[in-house]
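So you know, we letter chains A, B, ... as the sequences are listed, proteins then strands, and number each from 1. As the structure is a computational prediction, the values presented were derived from the model and not from experiment.
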Number of protein chains: 2
Amino acid sequence: MVKVKKANTVVEGAREKILASAAQLFSEHGFNGVSVRDIAASAGVNSALVGYYFGGKQGLLAEVYMRHCTPLTQERARLLKSFSRDAQPTLEQILEAFIRPSLEVTTDEHGRSTFTRLRAILSGENSALLEQLVADNFDKSIRTFVTALAKCLPHLSREDILWRFHFLLGAVYYTGSGPHRIYALSHHHCDPSDPVATASEMIPFLAAGFRAPAADFPARSPKPKAVPAKR
Amino acid sequence: MVKVKKANTVVEGAREKILASAAQLFSEHGFNGVSVRDIAASAGVNSALVGYYFGGKQGLLAEVYMRHCTPLTQERARLLKSFSRDAQPTLEQILEAFIRPSLEVTTDEHGRSTFTRLRAILSGENSALLEQLVADNFDKSIRTFVTALAKCLPHLSREDILWRFHFLLGAVYYTGSGPHRIYALSHHHCDPSDPVATASEMIPFLAAGFRAPAADFPARSPKPKAVPAKR
DNA sequence: GTCTATAGAGCGATAGAC
DNA sequence: GTCTATCGCTCTATAGAC
């Protein structure tokens with residue numbers, strides 16, 4: 001198996017070093033933007049080991065992806081459960097349980113969530129492999145959260161919930177994908193790489209959106225003319 | 001110049017065919033996911049012509065990008081102006097002026113907005129070239145809309161506006177980036193490639209989010225309801 | 001303007017020594 | 001397990017014929 005310790009510093013095996021470097025580089029440049037040689041060089045190992053351990057570049061991506069999925073979905077489920085202990089969770093709590101782990105889990109040394117950025121960047125590259133990975137690893141978790149949201153928002157149809165969840169995913173992914181123009185536009189006052197600040201801005205925004213009245217369906221233009229501010 | 005007509009069908013020059021194919025393929029697979037040969041083959045021309053007309057693959061991307069920027073920002077500005085004619089535009093109108101062109105302008109034969117997808121997919125690939133293109137082509141337009149939003153939402157600080165605009169961009173980009181899990185999850189009832197349905201769902205959602213009270217800043221957890229829980 | 005042909009570099013994968 | 005060496009392929013870019 002994996003040797004985890006040697007001498008006084010944590011020295012990983014070549015396999016673990018490859019995984020760490022791959023997660024970092026894939027998340028920065030996407031699958032097609034990085035070569036096996038880049039990853040091996042960054043890990044300080046021979047590039048032939050990628051074939052030995054993972055069977056190739058695609059196998060390496062799949063391993064990186066699945067390696068990070070479990071902690072993320074588990075943390076989401078754990079938070080949701082902790083909020084459901086005494087009573088039905090509030091909308092804000094459900095959103096927090098889904099979003100916060102995305103921003104915090106498996107962060108690198110700069111506090112950035114490598115895995116969220118990885119998912120964001122890969123969601124652009126239209127790979128059949130990735131689509132399968134996403135469906136296999138996330139559909140169950142997403143259904144759980146959609147159900148919790150529906151319970152919390154009985155005035156909405158399931159379609160409305162799904163639309164709004166789609167927009168939520170957009171906000172999360174885009175925040176994870178960086179770089180962010182608002183960082184420059186705000187003169188560095190708004191920093192989407194700060195998970196705490198991001199969550200405290202994102203959750204109230206999304207909660208208000210979810211609480212909006214159901215859109216007239218299908219496909220009518222927004223009619224509120226004189227701003228009947230609801231909530 | 002460009003020969004636009006020949007016989008009874010519109011026959012473009014090689015240059016135009018390359019641009020059209022490049023826009024389509026870049027938007028589907030990203031910059032690194034497509035080769036110059038792919039583009040040339042799709043356009044039915046010789047691959048050497050990419051070098052002749054655009055100086056290389058990067059030059060081709062820059063041309064595609066800028067070619068689509070002008071109609072998009074112009075349409076946004078036109079809509080915003082038309083809504084500002086008689087009175088101050090409503091929040092919904094500002095959002096519509098920004099979002100609708102993203103979903104509708106320069107659509108391909110299937111109604112998909114090629115250019116929005118292109119921007120979404122490229123926003124992942126961390127290219128210095130792209131970052132420059134984005135800043136050059138969009139900052140001015142974005143400032144206009146942020147200013148209009150600020151006028152409409154005096155209870156919010158400029159930082160709050162920028163955060164919420166960031167989330168809006170996430171929803172738009174993610175919608176443009178496809179493929180969309182909610183399409184399958186909803187049994188094809190929610191179709192983010194339909195611009196009209198998307199706008200009619202997105203605008204009320206985002207409007208409610210923008211109207212939410214300002215988040216306590218910095219970095220406090222959401223307090224509405226009886227939610228003590230937080231970090 | 002459009003073609004053929006190819007240079008020159010980099011890619012993923014793997015065979016085989018140790 | 002880890003290395004060296006290399007195969008076979010694809011890439012971008014360009015030189016030069018027409």
Would you mind building the protein contact string for nucleotides 11-18 of chain C? One character per nucleotide, 5' to 3', B for base within reach (heavy atoms under 4.0 Å), S for sugar-phosphate only, - for untouched. BBSB----

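Nucleotide D/dC3 holds its C1' atom 13 Å from the CD1 atom of A/I18, rounded to whole Å. A straight line from CZ of B/F54 to P of D/dT14 spans 15 Å, rounded to a whole angstrom. One interatomic measurement links the two molecules: CG of A/N32 to P of D/dC11, which rounds to 11 Å at whole-angstrom precision. Counting to the nearest Å, the C1' atom of D/dC3 and the OH atom of A/Y53 are 12 Å from each other.
With B/F98 as reference, B/F165 is the one residue of B/F138, B/F210, B/F165, B/F83 to meet the ring-ring contact (aromatic ring centres under 6.0 Å, His included) rule.
Side chains of B/T116 and B/R119: a donor-acceptor N/O pair is present below 3.5 angstrom, by distance only.
Remark: B/L206 CG to B/E96 CD distance equals 12.5 Å, nearest 0.5 Å. Atom CG of A/L133 and atom CG of A/L130 lie 6.0 Å apart (nearest 0.5 Å).
In this structure, the salt bridge (Lys or Arg N to Asp or Glu O under 4.0 Å) partners of A/R78, at least two apart in sequence or on a different chain, are A/E75.
The shortest non-hydrogen separation linking B/A97 to B/L79 is CB-CB, 3.7 Å.
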